[in-house]
Amino acid sequence: MTASNNQALPRWNVTDVHESLDARSFTDALELVGADVERLAVLFDELDIRSTERSIEQADGDKADRAIAEFNRVSDALNLLDAYVYSIVSTDSRHEHAQAVMSEINTTGSSLRPLLARLADWVAALGADEIANVSAEAREHLGPLQRFAERAAHQMPEAEEHLYAALSTTGSSAWGRLQSDVTSQLTASVALPDGPAKLPMPAVRGLGTDADPIVREAAYDAEMKAWPTIEVPVAAAMNAIKGEANIINRRRNWASPLDASCFANSVSRTTFDAMHAAVTASLPDFQRWMRVKAQLHGHTAKRGLPWWDLVAPLPFVSSAVTWDEGIDIVRNAFTEYSPSLADLVDRALTDEWIDAAPRDGKQGGAFCMSFGGDRSLVMLNWSGSTESAQTTAHELGHAYHNSTLAGRTALQRRLPMALAETASIFCETLVVEAGLARLEGDERLALLDVDLQGTNQIVVDIRSRFLFETEVFARRQRRTLSAAELCELMNEAQLSAYGDGIDQATAHPYLWLLKPHYYGSHFYNWPYTYGLLFGLGLFARYQADPERFRSGYDTLLSRVGMDTAEQLGEEFDLDVTDEAFWTSSLDVVRARMAEYERLAVPHLT
């Protein structure tokens, strides 16, 4: 879909919550939540929720009930305000008033983090199970409290946690905002066949799925000219964020940033290592698939796939998809699973949850965020391709997950990233399987092409991101890194992961600059791989026994913030600590690659 069609695409509407940032309802809510956060801190002082050296007492049950209930209430109010303002900032980073209010909310929210640290210390001292014996709220939150007790061993003293929470608003949080702002406001001139066009970067990157190879290469060239113009401030942001993380990880007694990431995702290191080994073993298979795809685009297998053709549609099958066609693809696939999942698509459209069009000042990529109750907001950068339809299914999968969490509290909804991808990947798989069930020949090959492109990104590209971030953390222990060095590390990581699957002369050295994942968290990327492969394992369980799966799936989704990765796997008899599980999920992908190569043969001769 071209830029001229963007007006027909939906935009989300949040005016039912607050008419504007100047509305009395919003200013009152902002003032109230600030006061509530302050009162919550006073309550924690009054109840003496902090590290202690005494044994559990009956009165601690009442303390836990009050502290947990009030923390949940205040968090819900703050989260709704945060989502409301972010709905403006993420779609218009030039909105100065929204940026200012976002900063104010971040400062208010930073006051909650030390309270969680105090709660963790208190729970660790008295025992999560012991508190649950005397508190109804603690019993309902036993899983999160047990995680808090483990977390206490990796916390700084109370005063230092308070100080870090305050300083991070002008440190890592501010640097992350800078990266988002400068990348979302960047435009580039693309030498299109009918003349040059100045486009926002999300639209430029969306041209990577254009049917015309001249357009795709022109978009890549435009990127390579545009990104260096902002590399200095974004490299500063990278250095600041990773440097701060290294300092805090040491102060919190983490052996490595990866250990901290695994804990944050409720994934054991044993499970991570099993997945990592299976992924490493699969890289030659992905590289072979890329060489086959290269041949379909007129390149030699020896040369590999040029970067601008990584997500290109097949040249002999139309991949253009209108918005209405894309929605129908998603709705029909969801209908085959359940009416409630299909209804979610219509509700998202009718109630204006979706912002679809790329435009200047809008953040790149796609995301879904909870927006109170069982409602979500879904941001897309629709490019009019089959890949865009799958992204829509992915993000609406998150929205479905959010609907299953509506009855959970704020503490129960603190989702680890690795497990938060479960529903989104499952819904994406529904779309792929529905298409494979009805398509033959070149149309089937085209669908496999789009599916394997996405899988390639989540397994191979994210492997390169993991390697890159590992090296950045290691070097940042000693010194800052220049933009040129970051580009060099990215090229090395892509060489290791992609190998001869791509034409290394066309590798993308600036992915470190444009991916927001590096700037809002640490090792944010590998959880996508976990989500994909765990989702494939779940889908196999669904195919084996659909009724049993449906009966337990929503409950599983609602418990993602309450159980570990290993516990959730056990619910469906999946042993995620065993490399064999991850290999079996990758075998599903290998089978699709084999079919892809078989269907491609007539076009390779």
Side-chain angles (χ1 to χ4, degrees), residues 179 183 205 208 220 223-224 227 231 234-235 238 241-242 256-258 261-262 265 272-273 275-291 293-294 303-312 364-365 387 417-418 421 425 452-476 481-533 582 586 589 593:
Q179 184 273 344
T183 55
R205 288 184 55 73
Y220 170 87
E223 278 196 71
M224 292 305 106
W227 293 126
E231 66 179 6
V234 181
M238 175 75 79
I241 290 169
K242 299 311 182 191
S256 72
L258 178 57
S261 176
C262 286
N265 281 283
F272 174 86
D273 289 342
M275 181 190 76
H276 187 76
V279 165
T280 301
S282 75
L283 293 179
D285 301 300
F286 283 94
Q287 291 160 6
R288 176 183 174 86
W289 170 77
M290 283 182 271
R291 293 194 299 272
K293 181 177 172 68
R303 176 188 172 191
L305 192 64
W307 191 273
W308 52 82
D309 284 343
L310 264 176
V311 293
E387 186 268 342
M417 173 66 190
E421 290 300 311
I425 296 294
L452 290 170
Q453 287 170 22
T455 303
N456 193 55
Q457 288 288 296
I458 293 176
V459 177
V460 181
D461 193 64
I462 283 178
R463 166 69 172 167
S464 74
R465 298 185 209 180
F466 174 77
L467 294 172
F468 168 81
E469 197 166 4
T470 299
E471 188 62 23
V472 170
F473 270 122
R475 296 194 187 191
R476 189 62 187 86
L481 288 75
S482 67
E485 187 173 5
L486 291 168
C487 288
E488 179 185 344
L489 292 180
M490 182 56 71
N491 280 337
E492 291 174 357
Q494 288 172 1
L495 175 61
S496 178
Y498 284 94
D500 59 6
I502 66 167
D503 178 357
Q504 288 293 332
T506 68
H508 197 314
Y510 284 100
L511 283 190
W512 62 268
L513 184 155
L514 65 96
K515 293 294 183 182
H517 313 79
Y518 297 121
Y519 302 87
S521 187
H522 310 297
F523 286 116
Y524 184 93
N525 294 290
W526 68 261
Y528 281 105
T529 309
Y530 188 102
L532 168 71
L533 301 180
W582 303 102
L586 285 161
V589 179
M593 289 176 180

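Numbering starts at 1 and runs along the sequence shown. In what follows, every heavy atom counts, from backbone to side chain, and hydrogens, waters and symmetry copies are set aside.
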A side-chain contact here means heavy atoms from C-beta on lying under 4.5 Å apart; do [X] and [Y] qualify?
X    : Y    : result
E469 : K242 : yes
M490 : R465 : no
T455 : F286 : yes
V459 : V589 : no
M593 : D285 : yes
P527 : E421 : no
H276 : W526 : no
F468 : E492 : no

Closest heavy-atom pair and its distance - [X], [Y]:
X    : Y    : answer
A235 : L486 : CB-CD1, 3.9 Å
I241 : H522 : CG2-CE1, 3.5 Å
Y220 : A507 : OH-O, 3.2 Å
W512 : C487 : NE1-SG, 3.4 Å

Got a second to check how far [X]'s [atom1] is from [Y]'s [atom2], nearest 0.5 Å?
X    : Y    : atom1 : atom2 : result
I462 : K515 : CD1   : NZ    : 8.5 Å
L495 : L467 : CG    : CG    : 10.5 Å
N491 : S496 : CG    : OG    : 12.5 Å
S464 : I502 : OG    : CD1   : 8.5 Å
Y519 : L514 : OH    : CG    : 8.5 Å
K293 : L452 : NZ    : CG    : 9.0 Å

Y530 and F272: aromatic ring centres closer than 6.0 Å?
no
Salt-bridge contact R475-E471 (side-chain N to carboxylate O under 4.0 Å):
yes
Are D500 and R291 within salt-bridge range, i.e. N to O under 4.0 Å?
yes
Judged by atom type as modelled, is there a donor-acceptor pair below 3.5 Å linking the side chain of [X] to the main-chain atoms of [Y]?
X    : Y    : value
T506 : D503 : yes
T470 : F466 : yes
Q287 : A497 : yes
Q494 : Q504 : no

Test side-chain contact (heavy atoms from CB on, under 4.5 Å) on Q179 and Y518 and set out the steps.
CA-CA 10 Å; Q179 184 273 344; Y518 297 121; over 6 Å; no
Can you classify the ring geometry of H508 versus W307 as parallel (below 30°), tilted (30 to 60°) or perpendicular (above 60°)?
perpendicular
Donor + acceptor pair across side chains of Y510, E231 (<3.5 Å)
yes
Side-chain donor-acceptor pair present, N456, Y498, cut-off under 3.5 Å:
no
Only one of N525, L533, L532 clears side-chain contact (heavy atoms from CB on, under 4.5 Å) with T529; which?
L533
